[in-house]
Amino acid sequence: MKKVISLLLSILLIITTVAPLSASAQSYTDKLISQGFPRDYAEKLNELHNKYPNWIFKPLITNLDWETAVKGERSKHSNQLISKSATSDTSKFCNCSSCYKNGRYVIQEASDWVSASKSAVEYYMDSRNFLDEKHIFQFESTSYDGTQTKAGVEAILSGTWMHDSLISYRTTGQNVKMYNSSTKYSDAIMKAAQDFGLNAYYIAAKIRQENGGATASATAVNGSTSPFQGIYNYFNIGAYSGAKDGLAWAAGFLKTNKATKLYSADPNKDSTGGTVTSISANQYMTWRANKGAYYYVRLYNETSRGYEEGASGYVLASDCRTSYIGDTANGYGRPWSNPYKAIYYGTKYVANSFKTQNTGYLQKFNVSPTSSYKYSNEYMKNVQAASSEAVSSYNGYSKAGILSMTRTFYIPVFKNMSGDLTINVTDSTTSSVSISWNKIDGVTGYQIQTQDANGNWVDYTYTGETNVTFSNLQSAYRFPLRIRSYTQNGKNIKWGNFFQINVATKPSKVSGVKLSSSDTSVTVKWNKVSRASGYRIYVYNSSKKSYEFNKSVSNASTVSTKLTGLKPNKTYKIKVAAYKTADNIKFVGSKSSEASIKTKNKAVTLSSAKSSKKKKISVKWKKVSGVSGYEVMWSTSSNFKKNFLSTKVSGSSKTSKTLTTAKSKKNYYVRVRAYKKSGKKYTYYSWSKAIKVKVK
């Protein structure tokens, strides 16, 4: 037996109406669901579709169990980090015994990056939390499609030192140099995007997220960080525990492959080589310049204290490991000794490394169904990275005025998401609404909340059932409710996620339907229904012996409409029903009583009306088959309500008439209609359009 609960009348007072959805809203939601999106995804995406109809949403079916995916991403808690300065909510910090020691969160990276909690990882992995117009860009395809522009890139770079700026940098010798006289940062990004097939806006947003600022002060882009002076890494590739790791990566891990010599002077110019120092095999160096058979380098060592700079000098190139140097399969153009190389080859690296991870989200959370490196091969550890980069993309697109262009979004869908509830409206009347939801195994029950007069959520009931009916309601009232599961173990309660839905009662029955017609249309009028969102018009189909939906009127204040494209001289039966919208559902009330009307016969086409003689009008019209004749009317009034005369022309083949007017040099209006005669009874067709004539 379904549990019936009466909703207090005081709660009814706060229920408000909403603007009606378009006629296609429900069908678009259904289309998304048929493609594989759960309903809670589809309903949010439908709202975005209404605002951005060119956006394309595709489900990325991960085939992963939700808990398994979260566990995989947290296989090492140090893989998911969050900055303590990013939030004051300590529930987002992991407090397990490995991540919280001696009353403090363990710093995993830099000065304040700690491991993210399970709930934080769940929040940032859950696609449903980011289906708004800003954060959805983490799901945008990273593929270059030719729609990205330099102006759009500049918009994303706005507020950083790179915006509308020529590329300048510090050399390995710390001289300030221009890359050339014309190339801007946006040019480098566009060139890399086109050459390597990566979305230019995605590149710009990622660079901004990693190293964007008002000035080029970040470690990876300032060009003066010891011992990697003159080395750049705009994407922070390889920055596993800090930006200097990324600079070591960008420098190419140049090192000696055997014991050799370091010369203080250029052997090409000084045969003695100046001061000669012995260096051991596997000595790391930062490239500074090519000098014939030698590299000019800066030695460095990585110790427990970090990277320590050594002497500079010349080393035989043949005595060095060069596996990661140059534009080789592993080299990617390293060392990245200027911003252009760092951007261009960094883009190539990202494009090659994330071929199956074609969104920002997948590069942060690798749940790609086609990836061989699930839960790894991830771009960065910052758990908020994908959502932050998405906002950068949105802001850039918005400033460039290109938000509404066609875009494709791949949105991950998981199996068995924790606490998932699918809420359905099972019945609605003018005074009640019944809902049901799926059962979740192992839970104690479900909490249902509505809103009070101030819009605050308040408990409505707790139940172990999976259905509830709200009764004693007014007609055509819309109200929000939300439901979540809970599991109680003694005094401990574990709560599921809230799932919200808006529902409504049906409007009252429409009354006062009145009809009027022309030959091809019927105008329908009715009485307004209180609190209705709109109206639906139904026309009787005699072959199916049922009323079929014909037209929707989405303006609640509009109480009339015209049905067009009808057949002349045909009887139409019509009913009207009011509806109330809530989310993607139209709650349609009872249909009105039937009203019927016969359309008029087809109007005559008036070909011409001319005056070539004094007080004469020559009139011509097109023949109408099967009629008895025509009636011609002329008047000095455009509405034919005064100073008018009429005459009948017998026979369907007669299609002209000369009229005599009472006055000359005056404007007259002429119209014609056909008629059928049966005995003494005349049946008239519709009047033609009138023609204005200046009589001679």
Side-chain angles (χ1 to χ4, degrees), residues 167-180 216-234 236-239 241-328 330-342 345-346:
I167 295 176
S168 65
Y169 63 100
R170 291 182 178 275
T171 66
T172 57
Q174 294 300 277
N175 298 313
V176 177
K177 184 178 180 180
M178 299 295 293
Y179 180 72
N180 60 34
S217 58
T219 299
V221 295
N222 62 33
S224 58
T225 299
S226 173
F228 305 108
Q229 293 93 330
I231 302 299
Y232 300 84
N233 192 338
Y234 277 68
N236 273 341
I237 297 167
S241 62
K244 281 194 176 183
D245 285 351
L247 289 175
W249 192 99
F253 301 117
L254 183 66
K255 67 178 182 179
T256 55
N257 53 26
K258 63 180 181 180
T260 187
K261 306 292 184 180
L262 178 75
Y263 302 95
S264 64
D266 185 352
N268 296 296
K269 298 179 179 180
D270 183 345
S271 59
T272 67
T275 302
V276 181
T277 305
S278 296
I279 53 176
S280 61
N282 299 315
Q283 171 64 57
Y284 277 103
M285 306 167 281
T286 303
W287 176 94
R288 294 189 64 177
N290 290 335
K291 296 292 182 178
Y294 295 85
Y295 287 141
Y296 183 41
V297 300
R298 181 182 290 110
L299 306 184
Y300 72 86
N301 293 311
E302 186 176 2
T303 70
S304 59
R305 296 183 298 274
Y307 291 92
E308 295 183 347
E309 182 178 340
S312 289
Y314 300 83
V315 178
L316 275 169
S318 59
D319 290 347
C320 298
R321 181 188 74 170
T322 58
S323 302
Y324 304 105
I325 300 295
D327 189 15
T328 62
N330 297 319
Y332 288 102
R334 291 177 283 179
W336 292 347
S337 52
N338 63 60
Y340 190 96
K341 289 179 70 176
Y345 287 107

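Just so we're clear, the structure is a prediction, and the values are computed from it rather than from any experiment.
- Residues R170 and N222 come closest through the heavy atom pair CD-O, 3.8 Å.
- The shortest side-chain heavy-atom distance between V297 and Y314 does not fall under the 4.5 Å cut-off.
- The line from CG of D327 to OH of Y332 is 9.5 Å long, rounded to the nearest 0.5 Å.
- In this model, a donor atom of one side chain and an acceptor atom of the other lie less than 3.5 Å apart for S278 and K261.
- Within the 3.5 Å criterion, the main-chain N or O of G274 finds no donor-acceptor partner in the side chain of S264.
- Closest heavy-atom contact between A220 and N236: CB-OD1, 3.1 Å.
- At distances below 3.5 Å, at least one donor-acceptor pair connects side-chain atoms of N233 with backbone N or O atoms of G246.
- Between T171 and S337, the closest side-chain pair of non-hydrogen atoms is not below 4.5 Å.
- Looking at P335 and L254, their side chains never come closer than 4.5 Å, going by heavy atoms from C-beta outward.
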Passes side-chain hydrogen bond (donor to acceptor under 3.5 Å, both in side chains), T328 versus N330? Steps please.
-> CA-CA 5 Å; T328 62; N330 297 319; 5.7 Å; no

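- Distance CG/L262 to OG1/T275: 9.5 Å, rounded to 0.5 Å.
- Of the candidates W287, W249, Y169, W249 is the only one forming a ring pair (Phe, Tyr, Trp, His ring centres under 6.0 Å) with W336.
- Taking each heavy atom of T219 and L247 in turn, the nearest pair found is O-CD1, 3.6 Å.
- Residues Y232 and A342 come closest through the heavy atom pair O-CB, 3.6 Å.
- The shortest distance between side-chain heavy atoms of N338 and I167 does not fall below 4.5 Å.
- No close placement of the Y284 and Y307 rings is indicated, their centers lying 6.0 Å or farther apart.
- The shortest non-hydrogen separation linking Y296 to G313 is CD1-O, 3.2 Å.
- Between the T256 side chain and the Q283 main chain, a donor and an acceptor come within less than 3.5 Å of each other.
- Enclosure of atom OH in Y324 is not indicated, since only 12 or fewer non-hydrogen atoms of other residues, nucleotides or ligands lie within 6.0 angstrom.
- Looking at heavy atoms from C-beta onward, Y300 lies in side-chain contact with T286 at the 4.5 angstrom threshold.
- Residues C320 and M285 approach most closely at SG-CE, 3.6 Å, considering heavy atoms.
- Inter-residue side-chain proximity for R334 and F253 is flagged as met; some heavy-atom pair is nearer than 4.5 Å.
- Relative orientation of the Y340 and Y179 rings is parallel, given thresholds of 30° and 60° on the angle between their planes.
- Of the possible donor and acceptor atoms, one in the side chain of K244 sits under 3.5 Å from a partner among the backbone N and O of S226.
- Between the K291 side chain and the N268 main chain, no donor and acceptor come within less than 3.5 Å of each other.
- Summarising the geometry, atom CD belonging to Q174 is positioned 5.5 Å from atom CD belonging to Q229; distances are rounded to the nearest 0.5 Å.
- Here the straight-line distance linking atom OG of S323 with atom NZ of K255 works out to 9.0 Å at 0.5 Å rounding.
- Note that CG of L299 is 9.5 Å distant from CD of E309, once rounded to the nearest 0.5 Å.
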